[in-house]
Number of protein chains: 2
Amino acid sequence: MAKRKPIPTNESRIPTMADVARIAGVSTSTVSRALAGLPPIPEETRQRIAQAAKEAGYAVNRHARSLRLKRSKVILVLIPNLANPNFPDLLIHIDRAAYDCGYDIMIAHTAIDPGRSDRYVDELLAGSIDGVLLTASYCPPRLLECIAAGRHLPIVRTLSPTPDLTGITAVQIDEVKAAYDVVDHLAKQGYKRIAHLGGPPKEIMAIARRKGWEKALADHGLSASPDLYIQSGFTMIEGQRAADEIRSRSELPDAIFCSNDESAYGLIAALKGHGLRIPQDIAVAGFDDLSFSAVMDPPLTTVRLPRRDMAERSIQKLKALIEDDADNDNTILAHELIIRASSLRS
Amino acid sequence: MAKRKPIPTNESRIPTMADVARIAGVSTSTVSRALAGLPPIPEETRQRIAQAAKEAGYAVNRHARSLRLKRSKVILVLIPNLANPNFPDLLIHIDRAAYDCGYDIMIAHTAIDPGRSDRYVDELLAGSIDGVLLTASYCPPRLLECIAAGRHLPIVRTLSPTPDLTGITAVQIDEVKAAYDVVDHLAKQGYKRIAHLGGPPKEIMAIARRKGWEKALADHGLSASPDLYIQSGFTMIEGQRAADEIRSRSELPDAIFCSNDESAYGLIAALKGHGLRIPQDIAVAGFDDLSFSAVMDPPLTTVRLPRRDMAERSIQKLKALIEDDADNDNTILAHELIIRASSLRS
DNA sequence: TAGGTTTACGCAATCGATTGCGTAAAGATG
DNA sequence: CATCTTTACGCAATCGATTGCGTAAACCTA
């Protein structure tokens, strides 16, 4: 129990392994091995060390460990827009899945300042974080450089479709098919003038959903005439604005497929404000199945994303990439069409 | 430019300061000082080092730095329930404010496993993270022990009212007063039977809002009779359930103050489903002012939380606590009553 | 009991950035 | 020109945990 090295005894020092070692009368090597449960430590010693650790109020220093192991057990999640419930809803599952794998998550919101994400790519390159989960199609320029340079990094993308860049593993649904299913459903209900509220024109997700709409219309012998396409965005405000534009058109559509639930919320609110009934006057469908969609008036027909699966598979892939470089092909998960009153012929 | 130390040249090593130093022909001390912009480095050398850093693709290793400085520039945000938009909406501003101060944020969702938060208190105690922001009234047991032991830790609580424990700085609104304002508004509209949809009975936030309701009723000479209190929760589902219970009561209330917007959403959806009109048959008000509340049908009267202020002040306080131990008294911020159609006498 | 094996542990290097202290070289002053 | 500053940098210790290697001591076997 004699002191080996002079350990300073300031009142409020953070306890280190050396403190535990001193209390237990062993070396730090032994403490480390005992706490990690490694082989040649007899039960009796292990107990004593555990007791000493508790007594000292010891907890490992994450940075010392990460520095030594060159692995931090931290992954970064880049989120484009937390205001869209889609992201927190996914984040719940990401958080859970990561926790179950022993990873902590750092988040960075890229809505205001997309350039911010470049800094985190540097963190990845510097070995400060183990992996990055992109929950949107936006890809930091610095990352593109690395991919172009043929570097192989632990990065997974999810929730949005793959743009035509390879080199980043993706976990996603078939967005075109999902949009197709919604429009197909509307067409089968007998709607003829099926409009589409398009998302941001350059957003890959929006492009895919539009493509699904066009495809389904074509397959049903309906036309995707320009007056049936309304340029909008992914927010409620833009959905509201779109309602005004629709009313200004010569002929109203009889159904509208919105590129996401949020714009559908805004659209429906505005249409109702103008005295139109949903679905009697105009049927509406969305995309995402946010939790509110089930209880709104009327309940909204939409596409349910397999958020939990997406999160779990993404984390699983990321873990694989971090730990052994394998498992880097894309995954397509099944979506589900949720049919509710907003799209049903009365 | 001669090599000083044998630096291994594996193809894909992560560049370190030593690499930069070698390229620039200086020592790591100089690199460190140059990159940090510290005094005695002439511009010419600084340039050369910056160039070398870029050439090497260098970025500092967060863990090495944190270990040395005993400061990580990471704060942890504990979030009870990401499914309630209140939290992501606050998180947006927390993320932003933290970023502006040079902090990164880690998040931990405590909905499923509250015991999880204890681990993060250990991280704080071990010096692995710099501070903790609690966005709910739940307080990890381990933390209570520390406070009881008189330890002074960088922790700030926000978004929920303070329970009767001192020792943790809080940034919040006057929940009782805010609830009072809502009910006061309803009473001034002429409503007489003003019911309250209470949140989880042991939740401090729910208790405060109930208290505000009772106080306002008393001040208006109205009674808070037991049949006007409906036990519910903070979710849409529970709001829906509450609607059924209300209809089973002998006499309907003419106004209902819900303990949050989400339960109001569920309640309104269910009441409308039963053919009741809002506000003609029953007025409804909520609490939180989630973004959806402005566009729903009818738009919901509610209390707007100063989320941005809360986030900024919280981070500011946390920063102060981390950096110099000062600024540890509570802050009460102003709320705002948002009056919309759901509570207006027609 | 000599020689061999196993068990239980310690020593010291290592991870990468930071920084107090020291010191040549350049410049300033008398 | 001798002495004193100032400038510009390098050396080496440090932060705390991990781990390869080494080694006493205990245990076994012939």
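Lettering of chains follows the sequences in order, A, B, ..., and the numbering in each one begins at 1.
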Would you say [X] reaches [N]'s phosphate, i.e. side-chain N/O to OP1/OP2 under 4.0 Å?
| X | N | result |
| --- | --- | --- |
| Lys70(A) | dG16(C) | yes |
| Tyr58(A) | dA17(D) | yes |
| Ser27(A) | dG10(C) | yes |
| Arg65(B) | dG16(C) | no |
| Thr30(B) | dG10(D) | yes |

Measure the distance from [atom1] on [X] to [atom2] on [N] and round it to the nearest whole Å.
| X | N | atom1 | atom2 | result |
| --- | --- | --- | --- | --- |
| Met17(B) | dC9(D) | CE | C1' | 15 Å |
| Arg48(A) | dC9(C) | CZ | C1' | 11 Å |
| Ile49(B) | dG10(D) | CD1 | C1' | 12 Å |
| Arg68(B) | dT14(C) | CZ | P | 19 Å |
| His63(B) | dT14(C) | NE2 | P | 21 Å |
| Glu123(B) | dG16(D) | CD | C1' | 14 Å |
| Ile14(A) | dC15(D) | CD1 | C1' | 11 Å |
| Asn61(A) | dG16(C) | CG | C1' | 14 Å |

Nearest to side-chain heavy atoms of Val60(B), which nucleotide of dA17(C), dC15(D), dT19(D):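 Within the option list, the nearest is dA17(C).
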Between the base of dG16(C) and the side chain of Arg62(B), is one N or O donor paired with an acceptor at under 3.5 angstrom? no
Whichever of Val31(B) and Leu67(B) has its nearest DNA chain D nucleotide further upstream toward 5':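 Residue closer to the 5' terminus by nearest nucleotide: Val31(B).
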5'-most contact on DNA chain D: Ser29(A) or Leu69(B), nearest heavy atom basis?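 Result of the comparison: Leu69(B).
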Any salt bridge between [X] and [Y], counting N to O under 4.0 Å?
| X | Y | result |
| --- | --- | --- |
| Arg116(B) | Asp95(A) | yes |
| Asp122(A) | Arg119(A) | no |
| Lys73(A) | Asp104(A) | no |

Under 4.0 Å between any heavy atoms, over every strand shown, what does Thr45(A) touch: base, sugar-phosphate, or nothing? Just pick one.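 It contacts sugar-phosphate atoms only.
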Side chains of Ser32(B) and Ser29(B): is there a donor and an acceptor less than 3.5 Å apart?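 Judged by distance alone, the side chains do not pair up.
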Given DNA chain C, 5'-ward residue of the pair Arg33(B) and Ala64(B), judged by closest heavy atom: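 Taking each residue's closest nucleotide, the earlier one in sequence belongs to Ala64(B).
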Between His93(A) and Met310(A) (side chain of the first, backbone of the second, donor and acceptor by atom type, cut-off under 3.5 Å), is there such a pair?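 No, His93(A) side chain to Met310(A) backbone: no donor-acceptor pair under 3.5 Å.
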